[in-house]
Protein chains: 2
Amino acid sequence: MAEIVSKATIRDVARAAGVSVGSVSRALNGGKNVSARVARDVAAAAEKLRYQPDFQARSLRTRTTGMVGCLVSDVANPLYASIVQAAEARLRETGLLMVVANTANDPARERAMVAAFRSRRLDGMLVAPGSDENDRAWRDLATGGAPVVILDRDVPGEGDRPWPAVLVDHREGARTATRYLIGLGHRRIALLTPGARMRPGRERIAGFKAAFAEADIDPEGALICLQESSMDFAQGDALELLRRDRRPTAIIALGTRILAGALRAARDLGHSVPRDLSVIAVGDTDLAAVHSPAITALRWSLEDVGRAAAELLLQRLRGTGEGQSRALLPVDLVLRESCVPPPTT
Amino acid sequence: MAEIVSKATIRDVARAAGVSVGSVSRALNGGKNVSARVARDVAAAAEKLRYQPDFQARSLRTRTTGMVGCLVSDVANPLYASIVQAAEARLRETGLLMVVANTANDPARERAMVAAFRSRRLDGMLVAPGSDENDRAWRDLATGGAPVVILDRDVPGEGDRPWPAVLVDHREGARTATRYLIGLGHRRIALLTPGARMRPGRERIAGFKAAFAEADIDPEGALICLQESSMDFAQGDALELLRRDRRPTAIIALGTRILAGALRAARDLGHSVPRDLSVIAVGDTDLAAVHSPAITALRWSLEDVGRAAAELLLQRLRGTGEGQSRALLPVDLVLRESCVPPPTT
DNA sequence: GGTTGAATTGGAAACGTTTCCATACTGCGG
DNA sequence: CCGCAGTATGGAAACGTTTCCAATTCAACC
């Protein structure tokens, strides 16, 4: 009949079971040094009172909150959403909750959120900084003692050793894609990617250039076009690119929005994909898979990134040996219909 | 030079400022009843010691955590991701953190997460239950006293009054879309949407049927095809649908994955969109906007949903008058290139 | 100068746990 | 029968805040 639920405190349970609060705590948690009788009575009392321990109070004493933070520029970005999703799944399995915050790549906001996380005493955090230089914030957090795992960024690191991180081999991916296009005969290829402020862009550019270098062809054909990550910008840039005299015959475009912009620009100019323009998507989004023609894409597993990051963090939280401190995930080129040899002019 | 940061407690500040802890607390929070001298000294001491209050401890005393939960089936689903993003943005403005959890529409997991949220004493929560019947879980939470805002679901409600909720007018949207297709001359139209277990599906079906009813045409042409939300399923179903003798001449398909399945099926069968098959997307995703041909779509603002939900929750948290308790957001049909009159057979 | 009421302050009691410590109890070997 | 080691137990301290309450100061007014 008890309608008023859940005001039950450990003291109530103790009283109901006729033991001390200390015993209740031991019975419910440790199980160590507790007699069968006490265990039984406490369990019964807890059940009857629908006792649910108060995490806040427990946290205060144990200095652990059972929560980890996740800081990304935008959870709605498909390239992050799946990472967050997978990480949450893994963390939940161990009873951890995940608090997420969007930074929009604003360093001030990043610092503010790190401070908030620390002030809330979150046990750890997963972060994808908006630039590699803002490591003061992470350092701050680290001095708070909470482990940090970096998502696909090169953050300088803490004195001696680098931060634990999950990295994606964008360089090799970009090189493979570029090599493939060169192999098809393309000599002028544009790479559309957000700025080199962050690791993924930097690595892609490096791989892109490497492919040109190793093919020993005119590096002038490697058109690097840095982007805001927005469809309209990309469309404008792509239009400009495709109107040039010696326009690129192939485009490598990041994500959903930039890819979309490029595709639109091509359509607006009456270029047919792949006949007039080959296209490779970086990141295998719904759009790439379903577009007609289906877009050849560089794919890496976002789920793996999330899972691996969670795993790395869990290792640190448990303090079980250092284990490995970084993971490098592979990138595959999945061949579809959007690449053919360049038109013969 | 102080390298060891952030062990500073309020007691340290009190000592450094030469006042009592009570005064420090008042100086830092209330500002009420505190002399200029104390305010100055405390501020200075806090600054010098880099004092950051411990939210855990504060929570214990104030019974408020500054965190709200968000429970959806899958944050990586584009239809949720933007909602979460927008809600987080609004909540953050007021200093609240958001913890998210994915339920995969599993009622057991939903209950478990609600329990976890309550146990952590989250101040409130935003939830999109996987079915409308699992309201026991929310009732539990409500008895914990934390306000709940429902995202686009019909949850029976708490005795007298319904839960606060943000709803989308899917019925009207579906009706508009269907009416539009009928107006173009279509008589056999398929609606591909996930089951009627949840409000959006139910409402869409109702609107779909209503359009047929009001047009006074053969309701046999209203082909309702319930779906798992997965591309492969949708593709299979769509193939079956399009192979029928009297195949639909238009398809209304939900989201990214089902839409993608339908588009693929059409392509596999050599049906050209829109010549042989008109298509309307439900939900204006990247895919719909960028596909060639661009897909006419039902659009509602996910950002508005998230913002409105956050706003409703904030109202409840502040306890400022009841305000309105539900919002109904409009759905627009954005016309693109994927709908034309049916082929004349 | 004394009285009064408000403004400020310090001290201590909460908040609900976990964990430490001292005590009581148990069984066992001498 | 007496230590004695180990195990169970109760009581209390601690975690870091906020907030209550009583005490003190202060200014102003008679």
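Residue numbering restarts at 1 for every chain, and letters A, B, ... go by the order of the sequence lines. These numbers come from the heavy atoms of this one structure, side chains and all, not from hydrogens, waters or symmetry mates. Please read all numbers here as calculations on a predicted model, not as lab measurements.
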If only atom types and distance count, is the side chain of [X] paired as donor or acceptor with the main-chain N or O of [Y] below 3.5 Å?
X: Q56(B); Y: A57(A); result: no
X: S59(A); Y: F55(A); result: yes
X: S325(A); Y: W163(A); result: no
X: T62(A); Y: R58(A); result: yes
X: T103(B); Y: E110(B); result: no
X: N102(A); Y: A104(A); result: no

Rounded to whole Å, how long is the line connecting atom [atom1] of [X] with atom [atom2] of [N]?
X: F55(B); N: dT18(D); atom1: CZ; atom2: C1'; value: 13 Å
X: N29(A); N: dG16(C); atom1: CG; atom2: P; value: 17 Å
X: R37(B); N: dT24(D); atom1: CZ; atom2: P; value: 17 Å
X: R11(B); N: dA13(C); atom1: CZ; atom2: P; value: 13 Å
X: Y51(A); N: dG16(C); atom1: OH; atom2: P; value: 10 Å
X: D41(A); N: dA8(D); atom1: CG; atom2: P; value: 15 Å
X: Q56(B); N: dT17(C); atom1: CD; atom2: C1'; value: 12 Å

Nearest of [options] to any side-chain atom of [X]?
X: I10(B); options: dT17(D), dT9(C), dT9(D); result: dT17(D)
X: N33(B); options: dA7(C), dT7(D), dT17(C); result: dA7(C)
X: R26(A); options: dG10(D), dG16(D), dT17(D); result: dG10(D)
X: T9(B); options: dG16(D), dG16(C), dA7(C); result: dG16(D)
X: S35(A); options: dT17(D), dT9(D), dG16(C); result: dT9(D)
X: R61(A); options: dA8(D), dG16(D), dT18(C); result: dT18(C)

Base, sugar-phosphate alone, or nothing: which one does [X] contact when heavy atoms must sit under 4.0 Å apart?
X: R63(B); value: sugar-phosphate
X: D54(B); value: sugar-phosphate
X: S25(A); value: base

Quick one: is dT18(C) close enough that its OP1 or OP2 comes under 4.0 Å of any side-chain N or O from R58(A)?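 Result: yes.
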
For the helix from dG1(C)-dC30(D) to dG30(C)-dC1(D), figure out the bend between the end axes, five pairs an end, and round to 10 degrees.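 End axes: 60° apart.
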
On DNA chain C, does the nearest nucleotide to T62(B) precede the nearest nucleotide to V38(B) from the 5' side, or the other way round? Give the residue.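 So the residue in question is V38(B).
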
For S20(B) and L60(A), find the nucleotide of DNA chain C closest to each by heavy atoms; which residue's nucleotide sits nearer the 5' end?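 Closest to the 5' end, via its nearest nucleotide, is S20(B).
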
For R326(A), check side chain to side chain contact (heavy atoms under 4.5 Å, CB included) against everything at least two apart and list the hits.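 If we apply the side chain to side chain contact (heavy atoms under 4.5 Å, CB included) test to R326(A), skipping adjacent residues, the hits are P162(A), A165(A), L167(A).
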
E47(A) atom CD, neighbour heavy-atom count above 12 within 6.0 Å: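 Open: at most 12 neighbouring heavy atoms sit under 6.0 Å from CD of E47(A).
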
